[in-house]
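Quick notes on the structure that follows.
Everything quoted here is computed from the prediction, not taken from an experiment.
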Amino acid sequence: MRINQVLLNLLSNAIKFTDEGTIKVAVAAQRRDPGRALLTIQVADSGLGMSEAQISKLFERFSQADGSISRRYGGTGLGLAISRRLIDLMGGSITVESEVGRGSCFTVTVELDVTEPAEESVRAPAVSLAQPIRILLAEDNPANRELMDALLKDTGVKLSFAADGAEAVEMVTREAFDLVLMDIQMPVMDGVSATQAIRRLSGRAASIPIIALSANVLPGQVQQYAEQGFSGHVGKPINVGALFAAISGALEEAD
């Protein structure tokens, strides 16, 4: 799950900073001792690229390689810092090679246990919702909106989109939704502020179930979301089973 989180972050950045060109992903595993293998993942893009000075700040918490980056593309600069921390905790490393105007290549290496593939009979069953529902997704990233649309396809969900928290509040006041999926980090109005604004509304809208979507998954952080008015929490990157469980749980509690 954590390697998936790191890979999703690297891919998201590559897509974000490559207006045109290519993005390549390479994965290789080299056997070490019996039962162990060195996993290497490379994500290379032909995008903006970075200078040595920018690279030196890249993995710092709340730091963007360039101030103009956050203004143009959004984000707090936490993703790569979290990714490096996760890989460090697994005894691995994450490095980057880059050149301004010629793209970047991130390399992740980590030694892992080798396991046998799960038998088909013990794989997790497909998840589904009990009834068709209307869901509003508040998410500023177009790629994440497309991903959620794909995850909820063929489930009977009618999915609508808001590009920021302010738009989400406005849509909730004029349309009837069964549930809101609320990203935390958004421009104009963040997810916490939007949720608190919705809770101050009058009528049915004030009690609509709202699920926080965030990479902040520590128990204290999840508890804080509950105290801020959220009905549930799903960590990023999104796990389909966790998403459906949170949706079902929030709807049942609302009933």
Side-chain angles (χ1 to χ4, degrees), residues 1-2 4-18 47-48 57-86 106 135-152 159-172 179-199 208-239 242-243 246-247 250:
M1 181 177 68
R2 294 310 178 196
N4 183 53
Q5 184 176 2
V6 171
L7 178 57
L8 187 64
N9 178 261
L10 295 180
L11 284 171
S12 176
N13 284 342
I15 293 169
K16 183 187 297 184
F17 300 123
T18 305
L48 296 178
K57 300 179 180 179
L58 196 60
F59 295 100
E60 295 177 5
R61 293 173 64 87
F62 301 104
S63 174
Q64 291 280 5
D66 189 305
S68 63
I69 297 296
S70 59
R71 289 191 295 272
R72 180 178 177 186
Y73 297 100
T76 61
L78 264 176
L80 287 174
I82 292 173
S83 295
R84 169 167 277 185
R85 179 60 175 159
L86 290 173
F106 287 82
I135 292 180
L136 173 63
L137 171 64
E139 168 63 69
D140 63 305
N141 189 319
N144 289 343
R145 292 199 295 267
E146 185 175 348
L147 172 62
M148 190 67 73
D149 192 34
L151 291 177
L152 296 176
L159 191 61
S160 300
F161 302 99
D164 56 62
E167 186 177 357
V169 175
E170 191 275 331
M171 290 181 69
V172 166
L179 182 138
V180 178
L181 297 173
M182 186 77 74
D183 183 36
I184 296 300
Q185 297 290 343
M186 290 185 290
V188 184
M189 178 183 283
D190 62 69
V192 172
S193 298
T195 296
Q196 293 174 340
I198 291 172
R199 295 299 182 226
I208 186 173
I210 305 175
I211 295 175
L213 304 178
S214 172
N216 298 329
V217 295
L218 295 178
Q221 295 169 323
V222 175
Q223 177 60 34
Q224 189 173 32
Y225 290 137
E227 294 169 355
Q228 291 167 334
F230 288 92
S231 311
H233 172 273
V234 176
K236 288 187 174 184
I238 301 297
N239 175 281
L243 173 66
I247 291 174

Atom pair CG/CG of L80 and N13 - distance to nearest 0.5 Å
5.0 Å
I210 backbone acceptor or donor facing S231 side chain under 3.5 Å
yes
Please give me the minimum heavy-atom distance between A168 and L136, naming the atom from each residue.
O-CD2, 3.8 Å
Calculate, to the nearest 0.5 Å, the distance between atoms CG and CZ belonging to N9 and R84 respectively.
12.5 Å
List in chain and number order the residues that pass side chain to side chain donor-acceptor pair (under 3.5 Å) with R2, two or more places apart in sequence or in another chain; answer none if no residue qualifies.
Q5
Looking only at heavy atoms, the pair that brings A162 and M171 closest together is CB-SD, 3.9 Å
Taking atom CZ of F106 and atom CG of L58, what is their separation to the nearest 0.5 Å?
5.0 Å
Residues 186-195, side-chain donor-acceptor partners within the protein, below 3.5 Å, at least two apart:
unit_1, atom_1, unit_2, atom_2, d
D190, OD1, V192, N, 3.0
D190, OD1, S193, N, 2.8
D190, OD1, S193, OG, 3.3
D190, OD2, S193, OG, 3.3
T195, OG1, G191, O, 2.9

Can you see which heavy atom on L159 is nearest to which on D149, and at what distance?
CD2-CA, 3.8 Å
Sequence neighbours excluded, the answer for salt bridge (charged side-chain N to carboxylate O under 4.0 Å, His left out) partners of E146 is none
Rounding to 0.5 Å, atoms CG (L48) and OG1 (T18) come to a distance of 7.0 Å
Residues passing the side chain to side chain donor-acceptor pair (under 3.5 Å) test with Q228, sequence neighbours excluded, are none
Would you please name every residue forming a ring pair (Phe, Tyr, Trp, His ring centres under 6.0 Å) with Y225, sequence neighbours left out?
F230, H233
Are L11 and K16 packed together at the side-chain level, in the sense that at least one heavy-atom pair is separated by less than 4.5 angstrom?
no
Which heavy-atom pair separates V217 from G235 by the least distance, and what is that distance?
CG1-CA, 3.7 Å
Over all atoms of both residues, closest heavy-atom pair of V169 and A197
CG2-CB, 4.0 Å
Which residues pass the side-chain contact (heavy atoms from CB on, under 4.5 Å) test with L8, not counting sequence neighbours?
P237
Residue set satisfying side-chain contact (heavy atoms from CB on, under 4.5 Å) with R145, at least two apart, ordered chain then number -> L137, E139, P142, F161, A163
Supply the atom-to-atom distance I135 CD1 to L179 CG, rounded to the nearest 0.5 angstrom.
5.0 Å
Rounded distance [0.5 Å steps], CG in N141 versus CG in L147:
9.5 Å
Who are the side chain to side chain donor-acceptor pair (under 3.5 Å) partners of S12, not counting sequence neighbours?
none
Applying side-chain contact (heavy atoms from CB on, under 4.5 Å), can you list everything that pairs with I238, at least two apart in sequence or on another chain?
M148, L151, L213, V234, K236, L243
On a heavy-atom basis, the closest approach of D164 and A166 is OD1-N, 3.0 Å
